J.: 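Take this structure first; my questions come after.
Since we're looking at a predicted model, the values are computed, not measured. Note that these values count all heavy atoms, side chains included, but never hydrogens, waters or copies made by symmetry. In each ligand, atom 1 is the first atom listed, and ligand 1 is the first ligand listed.
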Amino acid sequence: MNTSQQIDAFKQQFGVAPTFVARAPGRVNLIGEHTDYNDGFVLPMAIDRDVTLVGAPRTDAQVRIHSLNFEQTTEFSLSDIQKTGPEWSHYGRGVALALQKAGYVLTGFDAVMYGNVPIASGLSSSAATELATIMAFSAAAENGKLKIENGELSLVSAAKLAQQAENQFVGVNCGIMDQFISALGAAGHALMIDCRSLGYELVPMPPGATVLVVDTTAPRTLAGSAYNQRRAECEAGAVFFDKPSLRDVTMAEFKALQPRLPTVVMHRCAHVIMENRRVLDAVAAMKAGDLEQLGILMSQSHESLRDLYEVSSKELDAVVEIARAEEGVYGARMTGAGFGGCAIVLVANEHAAAVAAKIADEYPRRTGRTPNIYPCVASAGAGHWKLGE
Ligand code: GLA
């Protein structure tokens, strides 16, 4: 579905021409997993798959969104936002409420929405939907800008409000990474985010390598409860070290007290402390164009997530194993929360097609499942523009 087809769909649905396009991408995380809610570092990139709303402002406080993926329409009033209607509509309702609570005065709109971020695969289709909807509210506002007393909505604030919607309205206790990269990603770059200060730095993707995203297509059944359990274990670790968060625990402090920690908490802490270090090392490797080193760090990250953090799955491990045996592969790891979802493979451009073919052939034999494989390029973050100008 391209934008002009979506414009036609809007005309068919609402009988008039749309005036704006609003979009936001999904993401993969190159490295820095389960560090965001520990105030640590992450290094995701926005991918060339996104959620797009084509719409037009209304003169009242109604919002009508027709999803082309679900072939359903949802409608709600900005003066009475409830968690009702189809589940996919909760992201839009949630961000509308969060924006209003923060003081933004919203204008209603009609829109058709379409996404090509695979749903529930760990590529952040929910963050993309949240940010795309915030962009639609911005597009519908006067002069295309959402304002409060002390200024305009920034992309960082948009990310924070989207996370707030996900935490409080949708009810998923995620960190800031997915919303932040969907808002602030840039073409050709990964984004190093300090999840405590929300400072960030764009890091150019070194030339010569492709990021293959491999969707294991395995269900992510335990994801929610196990994610919350990991968060609780990390909090217990921080309390043990008497620090605000695991970000503040140095390797030396960890080593000194490690024998006194319960094994599981000790493993979780070890992962987070070393993973934060790996992110900084990965940034240095990328700046030096050192793909070998970046790949090694990615593979170490996977092993740590598998053995210490225990959030991998046999399907994710299978992808990583198959990939790492192939020529031209620098590294491979699970990406996102884990328990299924996607793995990423960093591979030299000239070997990417052969590695994808090998995974497509070998993975079903090992797991009985068919993978979906997408080569991805680092893409721009959220935005909106007017039509017909
Ligand atoms: C999910 C969450 C993120 C982050 C990752 C793990 O994607 O939404 O906030 O915690 O898991 O790194």
J.: Under 4.0 Å from ligand 1, counting heavy atoms only, is it the side chain of Glu275, its backbone, both or neither?
T.: neither
J.: Under a 4.0 angstrom heavy-atom cut-off, which atoms of ligand 1 come close to Asp36?
T.: 3 (C), 4 (C), 9 (O), 10 (O)
J.: Could you tell me, atom by atom, which parts of ligand 1 come under 4.0 Å of a heavy atom of Gly175?
T.: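 Near Gly175, meaning under 4.0 Å from one of its heavy atoms, ligand 1 has 9 (O).
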J.: So is Arg27 close enough to ligand 1, meaning a heavy atom under 4.0 angstrom away?
T.: yes
J.: For Tyr37, counting its heavy atoms only, list the atoms of ligand 1 lying under 4.0 Å from any of them.
T.: 10 (O)
J.: Checking side-chain polar atoms at under 3.5 Å, does Thr210 have a donor or acceptor matched by the opposite partner on Asn349?
T.: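 Present: a donor and an acceptor within the cut-off.
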J.: Give yes or no for whether the N/O distance cutoff of 3.5 Å, strictly under, is met between Glu33 and ligand 1.
T.: yes
J.: For ligand 1, which atoms sit closer than 4.0 Å to a heavy atom of Met177?
T.: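 Selected atoms, number and element: 4 (C), 5 (C), 12 (O).
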J.: Got a sec, which residues hit side-chain contact (heavy atoms from CB on, under 4.5 Å) with Val105, two or more places apart in sequence or on another chain?
T.: none
J.: May I ask you to identify the nearest protein heavy atom to atom 8 (O) of ligand 1, giving residue, atom name and distance to one decimal place in Å?
T.: Asp178 OD2, 2.6 Å
J.: Testing the 3.5 Å rule here: is there a donor-acceptor pair between the side chains of Ser301 and Glu275?
T.: yes
J.: Strictly distance-based, threshold 3.5 Å: is any side-chain N or O of Arg49 a donor or acceptor partner for the main-chain N or O of Asn116?
T.: yes
J.: Between Tyr227 and Tyr37, is the ring centre distance below 6.0 Å?
T.: yes
J.: Could you note down all residue pairs passing side-chain hydrogen bond (donor to acceptor under 3.5 Å, both in side chains) where residues 120-129 supplies at least one of them, sequence neighbours left out?
T.: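 Qualifying pairs: Arg27-Ser124, Ser121-Asp215, Ser124-Asp178.
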